[in-house]
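Down below is the structure, laid out as structure tokens.
Residues take their numbers from the sequence shown, with the count starting at 1.
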Amino acid sequence: MPRVMSQYSSQLLRLLDERGYIHQTTDAAGLDALAASQIVPGYIGFDATASSLHIGSLVQIMMLRRLQQTGHKPIVLMGGGTTRIGDPTGRDESRKMLDDATIDANIASIRTVFEKLLTFGDGPTDAVMVNNQDWLGQLGYIELLQEVGTHFTVNRMLTFDSVKLRLEREQPMTFLEFNYMILQGYDFRHLAKNMGVRLQMGGSDQWGNIINGIELGRRMDGVELFGVTTPLMTTADGAKMGKSAGGAVWLNEAQLPSYDFWQYWRNTDDRDVGRFLRLFTDLPLDEITRLEALEGSAINDAKIVLANEVTKLVRGADAAEAASATAAATFAGGGLGDDLPTLNLGNEGMAITAICTAIGFTQSNGEAKRKVAEGAVKLDDVAVADPSIIVTVPDGETVKLSLGKKKHGILLP
């Protein structure tokens, strides 16, 4: 992709523009002037519905990193309060309700990833993490209706996709969920009033919620607020980022081993390499231009750089080095890397189909049986012909299990 000169004067918007983060802005000229003249505190909200975010959230985390890299203040808003309600955007059913202890544990786990990508502290551009339960939990119902509810019309709320699509599909939407956009708008107003926040960023599906907060801040406090959204994150084949054949690609090590995380990026479609290098690494743009211009098998070198750089940012340098070494041993040397998934078979052994499912290569024994029939399942690089065989491993030895060219594991006694 050729380099294009940015139209912006502020370092913040130039960087976001050049690396492909910007989809929509509410007032690009106003935000550009503000960012060129002062430190801009900006935030993105994340709900705590699981103990880890997945890579669908990584572009948002990188936006906060870019904010800090250009001399501004990133604020990570954890939705301890809104998690209790659930964002209806893009959902056909209500979220499962979580208790306080689970939400708090999820926030603590999620924070560990942010600490790798942002510098936290008390300085003017240091990141801070806040929890909207701290203020939403203090709101009285009547107070909320009187102070905030009068600034929202049901007519307008019904036009937002998060509501409209659910109703068009005749899927129930609870009154609890219907309030989500009011509370998210109130978050922006609260952060602006109490922490000087001027900018909210988010995915393209959050545009309506961001606009609500901007309008609420103007009506209640007369303050000018800004919004920026990113493009919908899809891969070149149209799939939504954050998913793989084996399930969600989690950011936390406890939910997904670093080798599998590294391998996801190593398997990037050729067409996505340059875009992902811009969005998810700190490599200079000139170097990215060089890497994405590689052709034929040489593009694999760019994919390895991508996998190493993203894994280093999210999991740490040691994890990236171990995953890369494991891949090199497995693919180049035909050996067994230390970082591959393992499975103990025990004295009785296991059926090959059960092994494929237990180690996470297939979703079911039926799928494993089909893979065997296709010749895709191998033991020590020899194709398995019979889906009913029982595999045992002698004491003191190991066997390499492979599914296709990209999934490898170690079978132990």
- So Glu287 and Arg290, salt bridge (charged side-chain N to carboxylate O under 4.0 Å, His left out) or not? Walk me through it. CA-CA 5 Å; Glu287 174 64 4; Arg290 184 191 72 79; 2.8 Å; yes
Is it true that a side-chain atom of [X] and a backbone atom of [Y] form a donor plus acceptor pair closer than 3.5 Å?
{"X": "Asp32", "Y": "Ala28", "value": "no"}
{"X": "Thr83", "Y": "Ala48", "value": "yes"}
{"X": "Thr326", "Y": "Ala322", "value": "yes"}
{"X": "Thr311", "Y": "Asn308", "value": "no"}
{"X": "Asp386", "Y": "Ser388", "value": "yes"}
{"X": "Lys303", "Y": "Thr268", "value": "yes"}
{"X": "Arg14", "Y": "Ser9", "value": "yes"}
{"X": "Thr112", "Y": "Ala108", "value": "no"}
{"X": "Asp17", "Y": "Leu13", "value": "no"}
{"X": "Arg19", "Y": "Thr281", "value": "yes"}

Rounded at 0.5 Å granularity, tell me how far [atom1] in [X] sits from [atom2] in [Y].
{"X": "Trp250", "Y": "Ile55", "atom1": "CH2", "atom2": "CD1", "result": "11.5 Å"}
{"X": "Met201", "Y": "Ile22", "atom1": "CE", "atom2": "CD1", "result": "10.5 Å"}
{"X": "Met63", "Y": "Leu199", "atom1": "CE", "atom2": "CG", "result": "7.5 Å"}
{"X": "Lys371", "Y": "Leu403", "atom1": "NZ", "atom2": "CG", "result": "6.0 Å"}
{"X": "Thr289", "Y": "Leu277", "atom1": "OG1", "atom2": "CG", "result": "10.0 Å"}
{"X": "Glu292", "Y": "Leu285", "atom1": "CD", "atom2": "CG", "result": "9.5 Å"}

Measure across [X] and [Y] and return the closest heavy-atom pair with its distance rounded to 0.1 Å.
{"X": "Phe361", "Y": "Lys407", "answer": "O-NZ, 3.1 Å"}
{"X": "Thr362", "Y": "Ala368", "answer": "OG1-CB, 3.6 Å"}
{"X": "Leu313", "Y": "Lys116", "answer": "O-CB, 3.6 Å"}
{"X": "Ile75", "Y": "Pro41", "answer": "CD1-CB, 4.2 Å"}
{"X": "Asn132", "Y": "Gly81", "answer": "OD1-N, 2.6 Å"}
{"X": "Val197", "Y": "Leu225", "answer": "O-CD2, 3.5 Å"}

- Task: Report the C-alpha distance between Val130 and Tyr43 in whole Å, list the side-chain angles of each, state the deciding distance to 0.1 Å, and finish with yes or no for side chain to side chain contact (heavy atoms under 4.5 Å, CB included).
- Result: CA-CA 10 Å; Val130 295; Tyr43 86 99; over 6 Å; no
So, [X] and [Y]: side-chain donor and acceptor under 3.5 Å apart, yes or no?
{"X": "Gln206", "Y": "Gln184", "answer": "yes"}
{"X": "Thr230", "Y": "Gln60", "answer": "yes"}
{"X": "Asp126", "Y": "Thr119", "answer": "no"}
{"X": "Asp282", "Y": "Gln69", "answer": "yes"}
{"X": "Ser51", "Y": "Asn252", "answer": "no"}
{"X": "Thr102", "Y": "Asp99", "answer": "yes"}
{"X": "Asp237", "Y": "Thr235", "answer": "yes"}

Give a yes or no on whether a salt bridge exists between [X] and [Y], defined as a side-chain N under 4.0 angstrom from a carboxylate O.
{"X": "Lys312", "Y": "Glu309", "value": "yes"}
{"X": "Arg111", "Y": "Glu115", "value": "yes"}
{"X": "Asp272", "Y": "Arg275", "value": "yes"}

- Do the numbers put Arg66 on top of the ring of Tyr21, so that NZ or CZ is under 6.0 Å from the six-membered ring centre and no more than 45° off the axis?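 No cation-pi geometry.
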Heavy-atom check, side chain of [X] versus side chain of [Y], under 4.5 Å:
{"X": "Glu348", "Y": "Ile390", "value": "no"}
{"X": "Asp187", "Y": "Thr82", "value": "yes"}
{"X": "Asn209", "Y": "Phe188", "value": "no"}
{"X": "Leu251", "Y": "Ile61", "value": "yes"}
{"X": "Leu16", "Y": "Leu12", "value": "yes"}
{"X": "Ile103", "Y": "Gln133", "value": "no"}
{"X": "Gln200", "Y": "Leu77", "value": "no"}
{"X": "Leu343", "Y": "Met350", "value": "yes"}

- Task: Return the orientation label for the Trp265 and Phe276 ring planes: parallel under 30°, perpendicular over 60°, tilted otherwise.
- Result: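 Answer is perpendicular, since the angle exceeds 60°.
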- Residue pair Ile304, Trp262: steps toward the side chain to side chain contact (heavy atoms under 4.5 Å, CB included) verdict: CA-CA 9 Å; Ile304 290 172; Trp262 186 95; 4.2 Å; yes
- Which is it for Leu191 and Trp135 under the side chain to side chain contact (heavy atoms under 4.5 Å, CB included) test, yes or no, and what are the steps along the way? CA-CA 10 Å; Leu191 291 172; Trp135 56 86; 3.8 Å; yes
- Going through the checks in order, is the side chain to side chain contact (heavy atoms under 4.5 Å, CB included) test met by Val59 and Phe280? CA-CA 7 Å; Val59 70; Phe280 302 116; 3.9 Å; yes
